[in-house]
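Labels below follow one simple rule: chain letters A, B, ... track the order of the sequence lines, proteins then strands, and each chain is numbered from 1.
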Amino acid sequence: MNDLHRPVLEWYDEHARELPWRGLEATPWSVMVSEFMLQQTPVARVIPVHAAWLERWPAPADLAAEEPGEAVRMWGRLGYPRRALRLHAAAVAITESHGGEVPSDHAELLALPGVGDYTAAAIASFAFGQRHVVLDTNVRRVFARAASGVEFPANSVNRAERDLAAGLLPEDEATAATWSVAVMELGALVCTAKAPRCHSCPIEDRCAWVAEGRPAHAGPPRKVQGFAGTDRQVRGRLLSVVREADHAVAKPRLDVVWDEPVQRERALASLLADGLLVQVVATGPDGLPDGDHPHYALP
DNA sequence: CATCCGTGGGA
DNA sequence: TTCCCAAGGAT
């Protein structure tokens, strides 16, 4: 135990949010679904969608039995819908190769579609109580401040940062798992990116950044992605039309969402390439091909 | 290693 | 209103 463990663990015991994917009733599958949804999407928006998913698909095999497009539709407006496709693909892999049970082995988790370093460590830690370095944006920010004395971590994880996190991880397996979620929670609720609540922080008196007088960020500028006018925006509009439709959508209904034709066609092509949309042969009431326009649907 | 991939809420 | 940013992954 170093001198950070006890205050952070005690703070977590008192202040942790009760979330659907925490607690004794949560299954590994529930944890896994939450981790996919929480990749770049805030907790408040995930909660209702996560509940709907778990009700409809209580186990990986239930999702695997559906068409991938159903996952995309149920994903709603969480953003980055390729995650829905990957989660469906992961459910298929679990059903076919892991007996329908979310694997507990870190390497097996990492091999699943959509599971990277963070998500593999998170599932192994939070669903199975294992000891892993869990480095998400919250943890990185807490360690940058408390241990390194800077406001924000580097743009990408480096060796020194991973070594630092490994060195801070409690030896005991169960304690390490709780530590990981506790540091994340501290970053989410207290050690926030903007306006951190240092006076509510259990390690304020041990924080290197506070000791330095909370110096402003001095490293290379942190990149913030634009959105307006990007292909991402166009893709979002196109997919939204199909997602909300009951039947295949004819091309003219997609053309109206974006004026610039070159970018619009590029975005549509990329959605098809990603497998988020498929072109279908639409049929009218007579069973014959319907009109001259191509039609699009979820896969 | 940099870039791309959605969406919405808060300051 | 604009800007920031939110439990990342794949290429």
Side-chain angles (χ1 to χ4, degrees), chain A residues 12 16-17 19-22 26 30-50 72 75-87 89-90 109-127 132-142 151-159 165 177 180-189 191-196 217 220-243 257-258 263 266-267 269-271 273-277:
Chain A
Y12 181 73
R17 293 168 292 181
L19 298 172
W21 44 88
R22 291 182 181 161
S30 173
V31 172
M32 179 169 167
V33 171
S34 80
E35 290 302 340
F36 270 72
M37 292 181 171
L38 288 165
Q39 292 168 1
Q40 300 286 282
T41 301
V43 168
R45 289 171 50 204
V46 164
I47 287 174
V49 182
H50 179 269
V72 175
W75 197 253
R77 304 191 65 78
L78 288 183
Y80 294 146
R82 294 191 294 189
R83 292 181 291 165
L85 238 34
R86 293 177 184 143
L87 183 47
L109 287 165
L110 194 56
L112 294 172
V115 176
D117 283 334
Y118 162 76
T119 302
I123 295 172
S125 298
F126 307 149
H132 295 280
V133 172
V134 177
L135 267 188
D136 81 318
T137 185
N138 291 303
V139 175
R140 296 188 63 214
R141 188 172 56 247
V142 171
E151 187 178 16
F152 296 111
N155 281 327
S156 59
V157 178
N158 54 45
R159 177 60 186 272
S180 294
V181 72
V183 177
M184 284 179 59
E185 192 79 338
L186 187 63
L189 299 182
C191 194
T192 52
K194 296 189 291 186
H217 181 66
R222 302 192 302 145
K223 42 186 184 287
V224 286
Q225 290 186 338
F227 179 65
T230 62
D231 285 11
R232 253 172 26 262
Q233 181 178 24
V234 186
R235 285 166 54 105
R237 288 190 182 184
L238 293 171
L239 188 60
S240 177
V241 171
V242 181
R243 195 175 54 223
V257 307
W258 198 258
Q263 186 179 27
R266 182 174 67 231
S270 73
L271 287 170
D274 286 349
L276 283 164
L277 287 181

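Here the C1' atom of nucleotide dA10(C) and the CG atom of Leu112(A) are 15 Å apart, to the nearest Å. Separating the CG atom of Asp136(A) from the C1' atom of dC5(C) is a distance of 14 Å, rounded to the nearest angstrom. Atom pair Arg83(A):CZ and dA6(C):P shows a separation of 15 Å (rounding to whole Å applied). When the C1' atom of dG8(C) is taken as reference, atom CG of Asn155(A) falls 14 Å away, rounded to whole Å. In this entry the distance linking CD of Glu151(A) with C1' of dC5(C) reads 13 Å, nearest Å. If you take CD of Gln225(A) and P of dC5(C), they are 13 Å apart, rounded to a whole angstrom. Between His217(A) atom NE2 and dC5(C) atom P the separation is 10 Å, expressed in whole Å. Rounded to whole angstrom, the span from the CG atom of Leu87(A) across to the P atom of dG8(C) amounts to 16 Å.
The side chain to side chain donor-acceptor pair (under 3.5 Å) check on Thr137(A) picks up nothing, with sequence neighbours excluded. Annotation: side chain to side chain donor-acceptor pair (under 3.5 Å) contacts of Tyr118(A) (sequence neighbours excluded): Glu35(A). Partners of Arg222(A) by side chain to side chain donor-acceptor pair (under 3.5 Å), not counting sequence neighbours: none found.
Of the residues near DNA chain B, Arg243(A) and Lys194(A), the one whose nearest nucleotide (by heavy atom distance) lies more toward the 5' end is Arg243(A). Positionally, the nearest nucleotide of DNA chain C for Phe152(A) lies more toward the 5' end than for the other of Tyr80(A) and Phe152(A). Mapping Glu185(A) and Pro113(A) onto DNA chain C by nearest heavy atom places Glu185(A) closer to the 5' end of the strand.
Spacing between dG8(C) and dC1(B) at atom C1', rounded to whole Å, works out to 16 Å. Only the P atoms considered, dA7(C) is 15 Å distant from dA11(B), to the nearest whole Å. For dC5(B) and dA6(C), the C1' atoms lie 15 Å apart once the distance is rounded to whole Å. When the P atom is compared between dG9(C) and dG8(B), the two are found 23 Å apart, to the nearest whole Å.
Residues of residues 115-122 of chain A that place a heavy atom closer than 4.0 Å to DNA chain C, in numerical order, are Val115(A), Gly116(A), Asp117(A), Tyr118(A), Thr119(A). Using a 4.0 Å cutoff on non-hydrogen atoms, the parts of residues 35-50 of chain A near DNA chain B are Gln40(A), Thr41(A), Arg45(A), ordered by number.
Checking side-chain atoms of Arg45(A) against main-chain N and O of Arg77(A) turns up a donor-acceptor pair under 3.5 Å. Panel note: side chain Glu185(A), backbone Val181(A); no donor-acceptor pair is recorded below 3.5 Å. The backbone N or O of Gly79(A) sits less than 3.5 Å from a side-chain atom of Arg83(A), completing a donor-acceptor pair. Using a distance-only test at 3.5 Å, with no hydrogens or angles considered, no donor-acceptor pair links the side chain of Arg86(A) to the main chain of Phe36(A). Formation of a donor-acceptor pair under 3.5 Å by the Arg82(A) side chain with backbone atoms of Asp274(A) is not found in this model.
Counting only N and O atoms by type, the side chains of Ser34(A) and Arg22(A) include no donor and acceptor under 3.5 Å apart.
Nucleic acid contact for Gln233(A): none, since no nucleic acid atom lies under 4.0 Å from a heavy atom of the residue. Among the heavy atoms of the strands lying under 4.0 Å from Arg77(A) are primed sugar atoms or P, OP1, OP2 only; no base atom is included. Using a 4.0 Å heavy-atom criterion, one finds that Asp231(A) contacts the sugar-phosphate atoms exclusively. When heavy atoms are screened at a 4.0 angstrom cut-off, Thr230(A) is found touching no nucleic acid atom at all. Heavy atoms of Leu19(A) sit under 4.0 angstrom from at least one base atom. In this structure, Arg141(A) reaches the sugar-phosphate backbone alone: every heavy-atom distance under 4.0 Å involves primed, P, OP1 or OP2 atoms, never a base. Counting non-hydrogen atoms under 4.0 angstrom, Trp75(A) reaches nothing in the nucleic acid. The residue Leu78(A) sits close to a base: some heavy atom pair falls under 4.0 Å. Contact annotation for Arg222(A): backbone-only contact, meaning every heavy-atom pair under 4.0 Å involves sugar-phosphate atoms and none involves a base.
Crowding of Arg17(A) atom CZ: a count of heavy atoms from other residues, nucleotides or ligands under 6.0 Å exceeding 12.
Here the shortest heavy-atom pairing between Arg141(A) and Pro153(A) reads CA-CD, 4.0 Å. The two residues Met37(A) and Val46(A) make their nearest non-hydrogen contact at O-CG2, 3.5 Å.
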Between Leu186(A) and Asn138(A), is the side-chain contact (heavy atoms from CB on, under 4.5 Å) condition met? List the steps. CA-CA 8 Å; Leu186(A) 187 63; Asn138(A) 291 303; over 6 Å; no
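Closest to the side chain of Trp21(A), from the set dC5(C), dA7(C), dG9(C), is dA7(C).
Between Leu238(A) and Val242(A), the closest side-chain pair of non-hydrogen atoms is not below 4.5 Å.
Interface limits on DNA chain B: the 5'-most and 3'-most nucleotides within less than 4.0 Å of chain A heavy atoms are dT3(B) to dG8(B).
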